[in-house]
Amino acid sequence: MIIQRVVLNSRPGKNGVPVAENFRLEQSTIPDTVQEGQVRVRTLYLSVDPYMRCRMNEDTGSDYLLPWQLSEVADGGGIGVVEESKHNNFAKGDIVTSFNWPWQTVAILDGSLLQKVVPQLVNGRLSYFLGAAGLTGLTALLGIREKGHVAAGANQTMVVSGAAGACGSLAGQIGHLEGCSRVVGIAGTDEKCSILVSEMGFDGAINYKKGNVAQQLRELCPGGVDVYFDNVGGDISDTVISQMNQNSHIILCGQISQYNKDVPYPPPLPPETEKIQKERNITRERFLVLNYMDKQEASVIQLCQWIQEGKLKVRETVVEGLANIGAAFQSMMSGGNIGKQIVLVSK
């Protein structure tokens, strides 16, 4: 069977900015027959995520991420429909998902790598299983529950950087749902800040490209910061940490400002910021959602319930066509999107 697939065409270099041309669309073939235990799937949606920048390097800098190989098919979160099955758990027509879905139109996968999903849980919006009801939503919810120490009624203020992104936009809303009395987002355009406040219920938002971020933080968080959901690292995080309270908590979700730099993960803090962290007993521990998969099922049910009730607003940037996945990746890494970046491969 002839298929289309996307392979890693070139590496941007450890300190380089990724471009669409780092990926290449090509034709390939897969067997016409499915072996015992395997499933043939047609790809519906693929997820494009910031962590994938690390996989473009020969060394990802992480012990849980494998690098993509040159001229080999890329992979990540995906969702599709079963066309043929020789695995007892799946039948033709089932909707399935995996964290390791190859970037190709049709694939033959080991059934043990797949999970069946129920479209009704997300009102038929299948792409949500890659975002708000998938790994992105789990990262936001479990990050807050496991590392944020949020307690209803404790009058806590949460700040979210990268707040208009896939994870940040959910984290701010979940912060409120879990009990934070005030949530402030940091984003890169006035449009994003407006959406955070008017649509997603943030109490305030700061455009870090305009004005004095430290001053705006003091105005919007007069009682200081108790929980910081950190998606970006760098100067913005240093500014937020300088205004964090005694015994407060950093949820170390991502460091997107550092992904094009040759630094370890998590990147070390500047001496002055590290001093503040230690003096105020601020926790800053590496957070990996895959360490909490025993809580996955209950957490997904909670996320889906919030979606159905309209308590969790979801934004997606959808690009059509496998051929455009490289451009979608470049756009996401440049901060041009609101919400989750999704590629629609087939309907």
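Sequence positions, counted from 1, serve as the residue numbers for this chain. Heavy atoms only: backbone and side chains are in, while hydrogens, waters and symmetry mates are out.
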**Q** Evaluate the side chain to side chain contact (heavy atoms under 4.5 Å, CB included) criterion for residues Trp103 and Trp68: first the C-alpha distance (whole Å), next the side-chain angles of each, then the deciding distance (0.1 Å), finally the verdict.
**A** CA-CA 12 Å; Trp103 287 7; Trp68 287 327; 3.9 Å; yes

**Q** Please examine the side chains of Phe329 and Asn22, heavy atoms only from C-beta on, and report whether any two atoms are closer than 4.5 Å.
**A** no

**Q** Distance from Glu320 atom CD to Ile342 atom CD1, nearest 0.5 Å?
**A** 13.0 Å

**Q** So if you build clusters from Ile, Leu, Val, Met, Phe, Trp, Tyr with side-chain heavy-atom gaps below 4.5 Å, do Val118 and Val82 land together?
**A** yes

**Q** So which heavy atom on Gln330 is nearest to which on Ala20, and how close?
**A** OE1-N, 2.8 Å

**Q** For Asp294, is the CG atom crowded, meaning more than 12 foreign heavy atoms sit under 6.0 Å from it?
**A** yes

**Q** Could you grab the distance from atom OG of Ser242 to atom CD of Gln277, nearest 0.5 Å is fine?
**A** 13.0 Å

**Q** With the 4.5 Å side-chain cut-off for hydrophobic clustering, are Met52 and Ile79 part of the same group?
**A** yes

**Q** Would you say Ile3 ends up clustered with Leu344 if hydrophobic residues are merged whenever their side chains have heavy atoms under 4.5 Å apart, either directly or through other cluster members?
**A** no

**Q** Take Arg5 and Glu26, measure what salt bridge (charged side-chain N to carboxylate O under 4.0 Å, His left out) needs, and give me the verdict at the end.
**A** CA-CA 6 Å; Arg5 67 178 193 169; Glu26 62 180 28; 2.7 Å; yes

**Q** About how many Å separate CD of Glu272 and CG of Asp238, when rounded to the nearest 0.5 Å?
**A** 8.5 Å

**Q** Would the Phe287 and Phe229 ring centres measure less than 6.0 Å apart?
**A** no

**Q** Just wondering, do Val150 and Val227 contact through their side chains at under 4.5 Å, heavy atoms?
**A** yes

**Q** May I ask you to test the Glu72-Val7 pair for a side-chain heavy-atom distance under 4.5 Å?
**A** no

**Q** Assess whether side chain to side chain contact (heavy atoms under 4.5 Å, CB included) is satisfied between Ile174 and Leu303, documenting all intermediate values.
**A** CA-CA 9 Å; Ile174 292 170; Leu303 291 163; 4.0 Å; yes

**Q** Just so I know, are the side chains of Ser85 and Lys92 near enough to count as touching, which here means a heavy-atom distance under 4.5 Å?
**A** no

**Q** Without hydrogens or angle criteria, can the side chains of Thr189 and Asn207 be said to hold a donor-acceptor pair below 3.5 Å?
**A** no

**Q** Side chain of Arg182, backbone of Leu220: donor and acceptor closer than 3.5 Å?
**A** yes

**Q** For Glu83, is there an ion pair with Arg40 - N to carboxylate O distance below 4.0 angstrom?
**A** yes

**Q** Any chance CD of Glu191 has more than 12 other-residue heavy atoms, nucleotides or ligands included, within less than 6.0 Å?
**A** no

**Q** Looking at CG of Asn281 and OG of Ser248, how far apart are the two atoms once the value is rounded to the nearest 0.5 Å?
**A** 8.5 Å

**Q** Do any pairs count as a side-chain hydrogen bond (donor to acceptor under 3.5 Å, both in side chains) and have a residue in residues 297-306, sequence neighbours left out, and if so which ones?
**A** Gln305-Glu309

**Q** For Ser346 and Arg42, does a side-chain donor sit closer than 3.5 Å to a side-chain acceptor?
**A** yes

**Q** Can you tell me if Asp226 uses its side chain to pair, donor with acceptor, with the backbone of His249 under 3.5 Å?
**A** no

**Q** Is there a path of hydrophobic side-chain contacts, each under 4.5 Å between heavy atoms of I, L, V, M, F, W or Y residues, that connects Trp101 with Leu126?
**A** yes

**Q** Is a side-chain donor or acceptor of Asn324 paired with a backbone partner of Ala327 at a separation under 3.5 angstrom?
**A** no

**Q** Between Ile108 and Val39, is any pair of side-chain heavy atoms under 4.5 Å apart?
**A** no

**Q** Identify the heavy atoms of Gln308 and Gln120 that sit nearest to each other, and give their distance.
**A** NE2-O, 3.2 Å

**Q** Taking Leu44 as the starting point, is it possible to reach Val343 by hopping between hydrophobic residues whose side chains are less than 4.5 Å apart?
**A** yes

**Q** Just wondering, more than 12 heavy atoms not from Gln246 lying within 6.0 Å of its CD?
**A** yes

**Q** Side chain of Ser169, backbone of Gly339: donor and acceptor closer than 3.5 Å?
**A** no

**Q** Which side-chain N or O atoms in residues 130-143 pair as donor and acceptor under 3.5 Å with protein atoms at least two apart or in another chain?
**A**
unit_1 : atom_1 : unit_2 : atom_2 : d
Thr136 : OG1    : Leu130 : O      : 3.4
Thr136 : OG1    : Lys340 : NZ     : 3.0
Thr139 : OG1    : Leu135 : O      : 2.7

**Q** Just so I know, are the side chains of Gln115 and Phe129 near enough to count as touching, which here means a heavy-atom distance under 4.5 Å?
**A** no

**Q** Kindly indicate whether the side chain of Glu58, heavy atoms from C-beta on, has any atom under 4.5 Å from the side chain of Pro67.
**A** no

**Q** Any salt bridge between Lys147 and Glu285, counting N to O under 4.0 Å?
**A** yes

**Q** Using distance alone, with no hydrogens and no angle criterion, decide if Asn231 and Ser161 have a side-chain donor and acceptor under 3.5 Å apart.
**A** no

**Q** As an exercise, state the distance from OG1 of Thr60 to CZ of Arg55, rounded to the nearest 0.5 Å.
**A** 8.5 Å

**Q** Under the ring-ring contact (aromatic ring centres under 6.0 Å, His included) rule, what pairs show up with a residue in residues 194-228, not counting sequence neighbours?
**A** none

**Q** Identify the residue among Val345, Thr105, Val106 that makes a side-chain contact (heavy atoms from CB on, under 4.5 Å) with Gln4.
**A** Thr105

**Q** Assess, by modelled atom type and distance only, whether the side chains of His87 and Asp110 contain a donor and an acceptor separated by less than 3.5 Å.
**A** no

**Q** For Arg125 and Glu316, work out which heavy atoms get closest and say how close.
**A** NH2-OE1, 3.7 Å

**Q** Under the 3.5 angstrom rule, does the side chain of Gln104 hit a backbone N or O of Ala74 as a donor-acceptor pair?
**A** no

**Q** Could you walk me through whether Leu8 and Met56 pass side chain to side chain contact (heavy atoms under 4.5 Å, CB included), step by step?
**A** CA-CA 8 Å; Leu8 185 66; Met56 299 180 81; 4.2 Å; yes

**Q** Give a yes or no on whether the backbone of Glu21 and the side-chain of Asn9 come within a donor-acceptor separation of less than 3.5 Å.
**A** yes

**Q** Which pair of heavy atoms, one from Leu196 and one from Ala205, lies closest together, and at what distance?
**A** CD1-CB, 4.2 Å

**Q** Considering all heavy atoms of both residues, which atom of Gln35 and which atom of Thr33 are nearest to each other, and what is their separation?
**A** NE2-OG1, 3.8 Å

**Q** Spell out, as yes or no, whether a donor-acceptor pair under 3.5 Å connects the side chain of Asp49 to the backbone of Tyr51.
**A** no

**Q** Is any side-chain heavy atom of Met158 closer than 4.5 Å to one of Ile144?
**A** yes

**Q** Could you check Val240 against Leu217 for side chain to side chain contact (heavy atoms under 4.5 Å, CB included), going step by step and ending with a plain yes or no?
**A** CA-CA 8 Å; Val240 176; Leu217 263 179; 3.9 Å; yes

**Q** Check whether Asn337 reaches the backbone of Thr317 with its side chain - one donor and one acceptor, N or O, closer than 3.5 Å.
**A** no

**Q** Using the rule given for salt bridge (charged side-chain N to carboxylate O under 4.0 Å, His left out), can you reason through Asp230 versus Arg284, listing the C-alpha separation, both sets of side-chain angles and the distance that settles it, and then say yes or no?
**A** CA-CA 10 Å; Asp230 185 6; Arg284 180 183 185 256; 5.2 Å; no

**Q** Side chain of Ser331, backbone of Ala328: donor and acceptor closer than 3.5 Å?
**A** no

**Q** Measure the SG-CG distance between Cys253 and Leu288 for me, rounded to the nearest 0.5 Å.
**A** 10.5 Å

**Q** Report yes or no: does Ser98 contribute a side-chain atom to a donor-acceptor pair with the main-chain N or O of Leu114 at less than 3.5 Å?
**A** no

